[in-house]
*Asks:* 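Encoded as structure tokens, here's the structure I'll be asking about.
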Number of protein chains: 2
Amino acid sequence: MIVPIHLENQTSIKYDVVIDSLPHLTFNRKVAIVTNSTISALHLDTLVSKIDALELHVVTIPDGEEYKSLETVESILDELFSHKLDRKSLLIAFGGGVIGDMTGFTASLYQRGIGFVQIPTTLLSQVDASVGGKTGVNNKYGKNLIGAFYQPEAVYIDTYFLKTLPQREFSAGIAEIVKMAVMFDREYFHFLEEVDFSKKEDLERVIERSVSLKAEVVNLDEKEAGIRAVLNYGHTFGHVIENETNYSKYLHGEAVSIGMVMVNRLSVELGLMSDSEASLVSKLLTKHNLPIEYDIADVDSFYDKFFLDKKSSNNKIKFILSKGLGSHTMIDDIDENLLKKVLSTFKKA
Amino acid sequence: MIVPIHLENQTSIKYDVVIDSLPHLTFNRKVAIVTNSTISALHLDTLVSKIDALELHVVTIPDGEEYKSLETVESILDELFSHKLDRKSLLIAFGGGVIGDMTGFTASLYQRGIGFVQIPTTLLSQVDASVGGKTGVNNKYGKNLIGAFYQPEAVYIDTYFLKTLPQREFSAGIAEIVKMAVMFDREYFHFLEEVDFSKKEDLERVIERSVSLKAEVVNLDEKEAGIRAVLNYGHTFGHVIENETNYSKYLHGEAVSIGMVMVNRLSVELGLMSDSEASLVSKLLTKHNLPIEYDIADVDSFYDKFFLDKKSSNNKIKFILSKGLGSHTMIDDIDENLLKKVLSTFKKA
């Protein structure tokens, strides 16, 4: 006997990303803010002053990627249970990508799922991590290996919180913005060449465009089966760089910056991109103090590390390549010798 | 600025529940069987002999509800990572409800979700736990408080595995079967009065009907907002009984059996159900060695414990009541005095 199960009542997901000064928020629910010690010291009072809730709790965790673990999530869950949050309660993720990923993950687990709202406080999380529904934690085997796809109820992006962001982290966020432009939107790329990031209006326009582009991609491919992989432009090389430098020398966005320059050189070799366009990308990255050079000590070893990535399930590596500004392609059978030739151009003397 | 996010590409979920002798299964993927020490000793060889896979791993955990924890899930995840399972790999849950819930939960977490298949080996998990997508673990605050909604790729139900199931656990499974009949299907109830559970054909028919009824309910209400609550018939009282007896005196199905008898008495008091129909339910439960009596030591204390349940988010308790065999209703404003009057009829001398 066979009983066919067909669940057809899955509702589509809708929410808004609001890019503006943070409005006053009123919730007829219990609310818990999840934040880290750094953001808490700088901005918690501001946030609390803007929230009305049935009950308002604050869970503060230490700042840093090393706390992005199942252990921390369990401690957050414990605190939420001790406050007797119920199925209608809400979490607010208040911080950068680590806080957003862990809070969303915690929300997905609490009584099999409660609501959460993102209030990202770094440029990277404002343009990137707050849209897409990827949540999770690291373990000893790698980054983001344990998690869930889980969407927020809303995202509030207020550029005010970026005023306290270190300049280097601000630049790292710009790397992901450049990534979106190179992959999807030539006009946006040229706008980025002219824009003044210190002007609130310009900054909001940049964020709006990046979020919109990402939302389009995620909508087409929520679970990362196809086009969403394009968001990994620069990341295949970047991950190896992060790995080789023990995740300590470069911020993620900095490694992606170098990764984009590397993969653009591959694009040029393949005749997909002109040398002058690749130079425009490098120039824009340099303008924002992003690194574009890296000394590959051992080409063979660098090459081998491509295969560590969790996305390569069948020993083929998918390279996301620019086909010129605003256009992309994916190739998974790039010749080993060509790749090593490109890598060797990054080997210093 | 507001960017509206609308994810409309969520695909509906389809899978089969196959009720038959376990077929030979061939997977062009890495597979890990998750099972417990008891089932492993009895049936692992049988299962392994029926599976072809790229790689086949076995993760064995201790048997018992006390191991249904985030800690155990983390240890399973670690073992899967050490075997380098990838995004295309598959878990097979081989055991009762605890194994099913934890394996499904682990599958939902591994690299944000890999496939899993259920091969339930208890009557309860065959009729109940293997359909519905509820996965999770317990913590010190209660049962199933941490988890995810996550559906299997397929469920294989082979009554052969029930031959080694202790009679008492078999009966506990019948309680959930009776529950489905009383709530949804009068004809099925009368069929249950006549059926011979020792005959494979009868047993398969019973399982098929229970699974079909549950699938209909879950399809209408995957995330338990409405009608799915009907599956909690007998559970509101049953949970208090389990709590009062420290989850040690009664199996879950036994507590539900008593709970159904209790809530039927409430139905009779409210004029929803005839006394004779309530007696038919009690008689069927007794026929299968299920308990129908319980000595409530302290009526007020029993009453107060209704409010511990995680489903009562606003201090109202939803009672799922029979309106006669095959029909149900939900009432959330039952008079405290009436409830206590019903409870006091279960107080011995």
Side-chain angles (χ1 to χ4, degrees), chain A residues 1-20 70 74 77-78 81-82 86-88 108-113 131 133-136 139-142 144-149 151 155 204-205 207-208 211-212 215 218-224 310-311 313-314, chain B residues 1-20 70 74 77-78 81-82 86-88 108-113 131 133-136 139-142 144-149 151 155 204-205 207-208 211-212 215 218-224 310-311 313-314:
Chain A
M1 277 181 280
I2 295 179
V3 181
I5 310 287
H6 186 180
L7 303 177
E8 42 200 339
N9 275 31
Q10 295 219 60
T11 47
S12 62
I13 290 167
K14 284 186 188 187
Y15 63 93
D16 286 335
V17 178
V18 180
I19 303 160
D20 206 341
L70 207 49
E74 192 162 14
L77 284 166
D78 265 355
F81 281 112
S82 77
D86 57 44
R87 288 186 171 176
K88 295 191 167 58
S108 81
L109 297 175
Y110 192 88
Q111 296 196 7
R112 296 201 193 90
V131 178
K134 283 187 177 186
T135 74
N139 68 2
K140 66 181 171 186
Y141 294 94
N144 301 316
L145 289 178
I146 299 174
F149 286 95
Q151 308 291 341
V155 180
E204 288 188 343
R205 272 190 67 191
I207 294 170
E208 187 273 333
V211 168
S212 299
V218 171
N219 188 30
L220 288 169
D221 180 19
E222 203 203 348
K223 298 288 172 68
E224 203 173 37
K310 66 176 178 287
K311 279 116 194 159
S313 58
N314 54 359
Chain B
M1 278 182 277
I2 296 179
V3 181
I5 311 287
H6 187 181
L7 304 178
E8 42 200 339
N9 275 31
Q10 296 219 59
T11 48
S12 62
I13 291 167
K14 285 186 188 188
Y15 62 93
D16 285 337
V17 179
V18 180
I19 304 160
D20 207 341
L70 207 50
E74 191 162 16
L77 284 166
D78 265 355
F81 281 111
S82 77
D86 57 43
R87 287 185 172 178
K88 294 190 168 56
S108 81
L109 297 175
Y110 193 88
Q111 295 196 8
R112 296 198 194 92
V131 178
K134 283 186 176 186
T135 75
N139 68 1
K140 65 181 172 186
Y141 295 94
N144 301 315
L145 289 178
I146 299 173
F149 286 96
Q151 309 292 342
V155 181
E204 288 187 343
R205 272 192 67 192
I207 293 170
E208 186 274 332
V211 168
S212 299
V218 172
N219 187 30
L220 287 169
D221 180 19
E222 203 204 348
K223 297 288 172 67
E224 201 173 37
K310 67 173 177 286
K311 280 117 195 157
S313 59
N314 53 0

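Chain letters run A, B, ... following the sequence lines, proteins first, then strands; residues in each count from 1.
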*Asks:* Contact part of B/Phe81 toward chain A, heavy-atom cut-off under 4.5 Å: side chain, backbone, both or neither?
*Replies:* both
*Asks:* Check whether B/Leu77 gets within reach of chain A through its side chain, its backbone, both or neither, counting any heavy atom under 4.5 Å.
*Replies:* side chain
*Asks:* Looking at A/Ile19, A/Val155, A/Asn139, which has the largest count of heavy-atom pairs under 4.5 Å with chain B?
*Replies:*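 Ranked by heavy-atom pairs under 4.5 Å with chain B, first place is A/Ile19.
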*Asks:* For A/Lys140 and B/Asp78, run side chain to side chain contact (heavy atoms under 4.5 Å, CB included): C-alpha distance rounded to whole Å, both residues' side-chain angles, the deciding distance at 0.1 Å, then the answer.
*Replies:* CA-CA 9 Å; A/Lys140 66 181 171 186; B/Asp78 265 355; 4.2 Å; yes
*Asks:* Return the set of residues passing side-chain contact (heavy atoms from CB on, under 4.5 Å) with B/Asp20 (not counting sequence neighbours), or none when no residue passes.
*Replies:* B/Val18
*Asks:* Below 4.5 Å from any heavy atom of chain A, which atoms of B/Ser82 appear? Answer side chain, backbone, both or neither.
*Replies:* both
*Asks:* Mind checking what makes side chain to side chain donor-acceptor pair (under 3.5 Å) contact with B/Glu208, not counting sequence neighbours?
*Replies:* B/Ser212
*Asks:* Could you walk me through whether B/Arg112 and A/Leu145 pass the side chain to side chain contact (heavy atoms under 4.5 Å, CB included) test, one step at a time?
*Replies:* CA-CA 7 Å; B/Arg112 296 198 194 92; A/Leu145 289 178; over 6 Å; no
